[in-house]
Each structure stands twice: as C-alpha cells, then as structure tokens.
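First the structure, in the form of structure tokens, and then the observations on it.
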Amino acid sequence: MSGPTLADIAYQAGVSQATVSRVLNDKPGVSSPTRQCVLTALDVLGYQRPTHLKPVTTGLMGLIVPELTNPVFASHAQAIETLLSREGYATAVCTQAPGGMREDDYIRVLQSRQVAGIIVMSGSHADTTADMSTYHELVDVGLPLVLVNGYSPSIAVPQISDDDISAMDQAVAHLVGLGHKHLGLAVGPRRYVPVQRKEQGLRAAMDRHLEGRGRVTVSNTVFSVDGGARAAVDLLGQGVNAIICGSDLMALGAIRAARAQGLSVPDDVSVIGCDDSDLMRYTDPPLTSLRQDVELISTMAVQSLMGSIRGDTAFFGERLVRPELVIRGTTASARVSTMNPSVSRQHSAALCL
C-alpha cells in the first residue's frame, strides 16, 4: 500500500491497526461507527480507497446556500456533502452570489436534474416578506425538502434552526457578568427571522438579568464585515457598552471600526461573534463567539431529508439546536467611566452575534 501506512490510518482513526486491516479487507467484526471512522481517516490522509470501499452514487441532491465566502456556510456545505455521499448521493451546491441566479431559479434547475431532494439554508424561508409559493409547490409535488436556519410555519416540511434565543441569553449573561449594562445589537435587515429572534431574545435576556435596569440599542445593516463596521460606528456613537452582531464577519467589522476610533479590544470594547467559524480562534485577539453546532444541524438536515425520501414519518415543524458560548480574548470587564459623555464611548463594549 503506497501513501499512509496502517499505523498512520489507525492513529488518525483512533483504532488499532488490526481494525484498520479488517475494514480494508471488508472483514466482519467492526461496528458501523468504527468502520466509518476508518473510512474517514482514509479520506483525510488522501489514501485511495479500494474499489469495494468506495461509495456508490445512486442519485443527486440539491443544496442551496446564500454564499460560500461566509465560513459557516462553507462548513455546512462540506458537512452536508460528506453526509449525503455516505448515503450514496452526490450534491449539487448552489450559491446565491449577488447578480447571480435566484433561489427559485436554482430550484427549477434542480428539479429539471431530477434531484431526490433539496436542502435550503438561510433562504427565502428566513425572510418574512418573501413569497413562499415555490416551497408550497415542492410540497405539493412531493419533492423532499428541508429548510435550515429560518422558519416559516406555513411550510409543512422539516425545519432546523440555530437557537437564537438561547444564544442571546448566553451572551447577555456573560456580558452582564462583566458589568456591561447598555448592549447594542448589530444585525442584518429586520425582515429576517433570525434577526427578529435575536432582538427579542436580547431584550428578554436583559429584562431577566438586569430586571429592567439595562438598555438595548439596535442597528440594522447587512451581514458582512462592512455591515458590522457601520453598525459599530452607529452604536458606539449612541454610547452603548456592548454591541451584538449577527455573524463572525460582522464581529470582525466591529473590531475594525472600534480600532479606527482609537479603542482597544477588549480593554475598551468587548466583542462577541456568532457562528464561531474555524478561523475565529486565530484572530488577534481570538474572538469570543457563539458556536453554531454545524455538525449536528447538518446531520439533522440530512437525516430528515433521507427520512422523507424513504417514506418515514417526518417531523414537520422546527427543531432548535442550542449554540455554545466560547469565551476567548475579545471580552473583558466593563470600565467604570469617570469621563464626560463626549468620551464615554471609549468605555463601550461590543457584543457580536
């Protein structure tokens, strides 16, 4: 065998060399999860699987995401594609770049390619002003559909979302514990379900943790680095001592805007991101963020889709997945300001979700 040795594969998979040998030779006595660990190790190490171990592709699935420049969408796409390949399906990944094809157009194309099912992530179902007729048409013709991160109660399909209410509660508890009392929310347009939930969750959490003694200010821009920067300028100008952003990219923009005003992160401004993309632990300083459980959400989406395809009794409604606050280097205790209001924003904190 050229390339990785049995020992390399065994180390990567966390099993014995004997177990690797049994998997490679298709011998019994290996559980399905362990077998999958070995196969994943083969792929990670770049080892060419023997023919009898290669997945057999039986069909095509569609995955529609807003973009791949946001790391969290790329992570979801990779996880979903890997999970579907284990089920024997290839994945057509469709991205909605500005000026490109719309979601409805992609759905028509995917239907023409006779896909077995479609997963839509942060799509029209997340927009309270969008036309949902295309989704209803898919339900009517019986094409399996799963919606991720955004909820529309009128669509009778499985829907899975990151729990924005829990995210806000964790973030507020952390910042209030650090002494911050005036929190700002930097998010995208208010017509989106996750944005509305974040605002509702933030206000409710502030009432719980500060019993009406806290303040909330909201700035709606766009989900991007520039959007986060614009929102931070707006919120810092209003004297907030915490800003909540809708993504890690917005958090990076907020940090940039704070530094442009001569503020230090986290000494003057605390920042919390949302999603906890893989690279956020390597920012300077490492970003405190609310980790979206990409693996679990993607697994639930694929399992729901496969269940619909197999005719299993499907769960029609929404399931929420709790995020996890990962505390790193961009949050610190609030300073007690003794300066006049014109300079008090130097003691603001930025909370980004």
Side-chain angles (χ1 to χ4, degrees), residues 61-66 72-73 76 80 94 96 102-108 110-111 115-170 185 187-205 207-208 218 220 223 244 246-247 274-275 290 292-294 296-323 353:
M61 295 286 197
L63 171 62
I64 302 176
V65 296
V72 73
F73 293 130
H76 273 294
I80 289 172
C94 308
Q96 301 181 69
R102 300 178 307 164
E103 180 182 301
D104 286 355
D105 297 327
Y106 275 127
I107 288 176
R108 303 303 178 209
L110 291 171
Q111 284 183 288
V115 294
I118 299 175
I119 297 174
V120 181
M121 179 165 294
S122 301
S124 297
H125 63 288
D127 186 343
T128 58
T129 66
D131 180 3
M132 305 293 172
S133 60
T134 300
Y135 295 140
H136 292 297
E137 291 171 10
L138 294 181
V139 173
D140 290 341
V141 300
L143 182 64
L145 172 68
V146 175
L147 304 177
V148 178
N149 282 343
Y151 177 57
S152 179
S154 69
I155 306 168
V157 299
Q159 303 187 49
I160 301 109
S161 296
D162 195 44
D163 190 341
D164 295 303
I165 301 298
S166 174
M168 290 296 97
D169 188 67
Q170 293 179 64
L185 179 65
V187 282
R190 200 174 188 279
R191 67 180 186 271
Y192 291 111
V193 172
V195 171
Q196 295 175 9
R197 288 177 169 178
K198 282 182 171 66
E199 181 176 349
Q200 293 165 3
L202 173 62
R203 295 187 185 281
D207 287 340
R208 280 195 302 275
V218 179
N220 298 99
F223 289 106
I244 304 172
S247 69
C274 183
D275 296 332
L290 286 148
Q292 184 174 157
D293 195 333
V294 170
L296 180 55
I297 291 174
S298 297
T299 297
M300 290 172 65
V302 170
Q303 288 177 344
S304 297
L305 192 64
M306 295 307 302
S308 297
I309 290 171
R310 293 165 181 158
D312 298 341
T313 301
F315 172 82
F316 294 154
E318 186 182 33
R319 289 174 172 165
L320 298 175
V321 176
R322 187 177 186 273
L353 298 173

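For the numbers below, each heavy atom of this structure counts, side chains included, while hydrogens, waters and symmetry mates do not. We're numbering straight along the sequence, starting at 1.
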Calculate, to the nearest 0.5 Å, the distance between atoms [atom1] and [atom2] belonging to [X] and [Y] respectively.
X      : Y      : atom1 : atom2 : answer
Leu320 : Gln159 : CG    : CD    : 10.5 Å
Ile80  : Ile119 : CD1   : CD1   : 4.5 Å
Gln303 : Arg310 : CD    : CZ    : 9.5 Å
Asp275 : Asp293 : CG    : CG    : 12.0 Å
Phe73  : Asn149 : CZ    : CG    : 7.5 Å
Cys94  : Ile64  : SG    : CD1   : 5.5 Å

Locate the shortest heavy-atom distance separating [X] from [Y]; write the atom from each residue and the value.
X      : Y      : answer
Phe223 : Pro189 : CE1-CD, 4.5 Å
Cys274 : Lys198 : SG-CE, 4.2 Å
Val321 : Met300 : CG2-SD, 3.6 Å
Met61  : Gly117 : SD-N, 3.5 Å
Asn220 : Arg190 : ND2-N, 3.9 Å

Indicate whether any N or O donor in one side chain lies under 3.5 Å from an N or O acceptor in the other, for Ser166 and Gln170. yes
Count the heavy atoms of every other residue, nucleotide or ligand shown that sit under 6.0 Å from CZ of Arg102, and state whether that count exceeds 12. no
If the test is side chain to side chain contact (heavy atoms under 4.5 Å, CB included), which one of Val157, Val302, Ile160 qualifies with Val146? Ile160
For residues [X] and [Y], determine if any side-chain heavy atom of one lies less than 4.5 Å from a side-chain heavy atom of the other.
X      : Y      : result
Glu103 : Thr134 : no
His76  : Val65  : no
His136 : Ser154 : yes

Kindly determine whether Asp163 and Arg322 satisfy salt bridge (Lys or Arg N to Asp or Glu O under 4.0 Å), including the steps that lead there. CA-CA 5 Å; Asp163 190 341; Arg322 187 177 186 273; over 6 Å; no
Restricting to salt bridge (charged side-chain N to carboxylate O under 4.0 Å, His left out), what partner residues turn up for Asp162, sequence neighbours left out? none
Show your working on side chain to side chain contact (heavy atoms under 4.5 Å, CB included) between Arg203 and Val218 and close with a plain yes or no. CA-CA 10 Å; Arg203 295 187 185 281; Val218 179; 3.7 Å; yes
